[in-house]
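Structure record follows, encoded as structure tokens.
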Amino acid sequence: IISFLLSTVCSIIRHTFCRQWRRKVLRFKVGYVMSLLRRYSAKLCRITLGFAAMALGMAIAKQSYCLSPWNILNDGISHTFSITIGQANIIVGLVILALDLLLRETFGFGMLLNILLLGTFTDIFLWLNGVFSIMPKIQSVPLQMVFCLLSLILNGFGMYLYMSARMGAGPRDTLLVFLTKHVPLPIGICKLAVEAVVCFTGWLIGGEVGIGSFLYVLLGGPILQFFLHLFHFDVKAAKSESILDTWQILCRRKQPEAR
């Protein structure tokens with residue numbers, strides 16, 4: 001009888017303890033998953049809105065002859081191979097991503113989303129404009145300047161949004177970072193040299209170059225800096241999350257950093 005009572009008590013204790021332990025583990029897992037969902041859903045919203053704003057700015061720039069140097073290259077490729085400017089943007093992004101991998105530069109999920117979403121959103125906006133004739137090609141130079149400024153504002157705000165998500169820089173920015181590490185020149189000179197080569201190459205293969213394109217080069221940086229200062233975002237202090245960091249966080253091998 002005593003043996004039976006002891007075994008019964010032990011089984012009850014063991015069953016109660018295991019049930020409570022399972023509940024704690026399940027509660028911990030659910031809490032961890034929910035915290036990750038909140039963390040990455042906010043980041044994805046920022047990135048998506050940022051790329052949508054940049055794509056809208058790019059569509060406006062296309063209609064007002066004020067494409068940026070990289071988009072002049074995308075435009076030239078689109079004319080050469082009879083594809084859309086968004087598809088050209090994706091192809092160029094994938095080529096630069098492959099180059100970044102060969103150079104062993106780290107990158108985050110933000111780069112992959114940059115490649116896929118920016119070109120896709122640009123094509124969507126240009127398609128909507130073609131269907132509904134919202135904005136024709138601007139021939140007046142003063143109006144080109146106005147819409148170029150609007151495009152720059154959208155682009156600068158969009159860049160701030162995706163940078164503030166801290167999920168990694170775009171493929172072109174990562175390439176520029178590599179050059180500044182290995183070329184004994186200031187980052188401004190490296191950026192100007194790369195964009196000059198890209199712009200000239202795009203122009204050679206049929207990309208549109210207008211007066212607004214030079215305005216884009218001159219004011220793109222200051223307008224981005226204005227938004228970074230407006231929202232108190234310090235690029236140097238912000239640590240971007242690499243794709244390896246994200247994988248380790250999802251596998252619970254690393255704790256996510258505070259926002």
Side-chain angles (χ1 to χ4, degrees), residues 25-55 70 74 86-122 155-187 190-191 194 198 224-225 227-228 231-259:
V25 170
L26 181 62
R27 191 180 301 117
F28 174 76
K29 288 183 177 179
V30 170
Y32 186 77
V33 170
M34 291 303 295
S35 68
L36 287 181
L37 284 175
R38 285 193 296 268
R39 173 186 175 84
Y40 287 107
S41 61
K43 286 177 175 287
L44 287 174
C45 283
R46 277 181 172 269
I47 290 174
T48 304
L49 288 174
F51 290 146
M54 293 171 66
W70 282 103
N74 295 334
Q87 291 169 344
N89 186 79
I90 293 172
I91 291 171
V92 171
L94 289 173
V95 170
I96 299 176
L97 172 60
L99 184 59
D100 289 334
L101 290 174
L102 289 174
L103 298 174
R104 297 183 179 180
E105 286 293 310
T106 58
F107 66 94
F109 275 112
M111 179 187 289
L112 302 178
L113 293 174
N114 182 306
I115 294 170
L116 296 175
L117 294 183
L118 189 55
T120 303
F121 285 158
T122 301
N155 186 73
F157 180 64
M159 286 188 70
Y160 154 72
L161 283 176
Y162 103 79
M163 288 171 66
S164 64
R166 297 187 299 179
M167 292 292 286
R172 298 154 190 82
D173 299 326
T174 305
L175 179 62
L176 185 61
V177 168
F178 174 82
L179 289 175
T180 55
K181 287 179 182 177
H182 296 84
V183 177
L185 292 172
I187 186 170
C190 290
K191 185 175 186 296
V194 170
V198 166
L224 172 60
Q225 190 62 42
F227 281 110
L228 296 179
F231 295 103
H232 307 288
F233 182 73
D234 187 357
V235 178
K236 294 181 180 179
K239 183 181 181 298
S240 292
E241 188 176 296
S242 70
I243 198 167
L244 179 60
D245 293 332
T246 304
W247 177 253
Q248 289 178 338
I249 290 171
L250 292 176
C251 295
R252 293 174 55 189
R253 297 174 185 171
K254 182 178 181 179
Q255 289 297 320
E257 295 183 3
R259 298 180 209 180

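By convention here, the first residue in the shown sequence is residue 1.
Considering all non-hydrogen atoms of both residues, G168 and S240 come closest at N-CB, 3.8 Å. Pairing each heavy atom of R46 with each of S164, the nearest pair is NH1-OG, 2.6 Å. Looking at every heavy atom in both residues, P171 comes nearest to D100 through O-OD2, 3.3 Å.
The OG1 atom of T246 sits 8.0 Å away from atom NZ of K43, with the distance rounded to the nearest 0.5 Å. Annotation: the span from F107 atom CZ to L112 atom CG amounts to 5.5 Å, rounded to 0.5 Å. Separating the CG atom in N89 from the CG atom in L94 is a distance of 9.5 Å, to the nearest 0.5 Å. Note that NZ of K191 is 12.0 Å distant from CZ of R172, once rounded to the nearest 0.5 Å. In this structure, CZ on F109 lies 4.0 Å from CD1 on I243, to the nearest 0.5 angstrom.
Side chains of Q87 and I90 form no contact here, defined as non-hydrogen atoms less than 4.5 Å apart. In this structure, the side chains of F227 and M163 stay at 4.5 Å or more apart for every pair of heavy atoms.
Taking the ring pair (Phe, Tyr, Trp, His ring centres under 6.0 Å) definition, one finds that H182 meets it with F178, sequence neighbours left out. In this structure N155 satisfies the side-chain hydrogen bond (donor to acceptor under 3.5 Å, both in side chains) test with no other residue, sequence neighbours excluded. For Y162, the side-chain hydrogen bond (donor to acceptor under 3.5 Å, both in side chains) partners at least two apart in sequence or on another chain are D173. Residues satisfying the side-chain hydrogen bond (donor to acceptor under 3.5 Å, both in side chains) criterion with D245, sequence neighbours excluded, are S242, K254.
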Solution key, residues 47-54 side-chain donor-acceptor pairs under 3.5 Å, sequence neighbours excluded:
unit_1 : atom_1 : unit_2 : atom_2 : d
T48    : OG1    : L44    : O      : 2.7

Under 3.5 Å, which donor-acceptor pairs link side chains of residues 114-122 to any protein atom two or more places apart or in another chain?
unit_1 : atom_1 : unit_2 : atom_2 : d
T120   : OG1    : L116   : O      : 2.6
T122   : OG1    : L118   : O      : 2.7

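Note on ring orientation: taking the six-membered ring where Trp is involved, the planes of F231 and F157 are tilted (angle from 30° to 60°).
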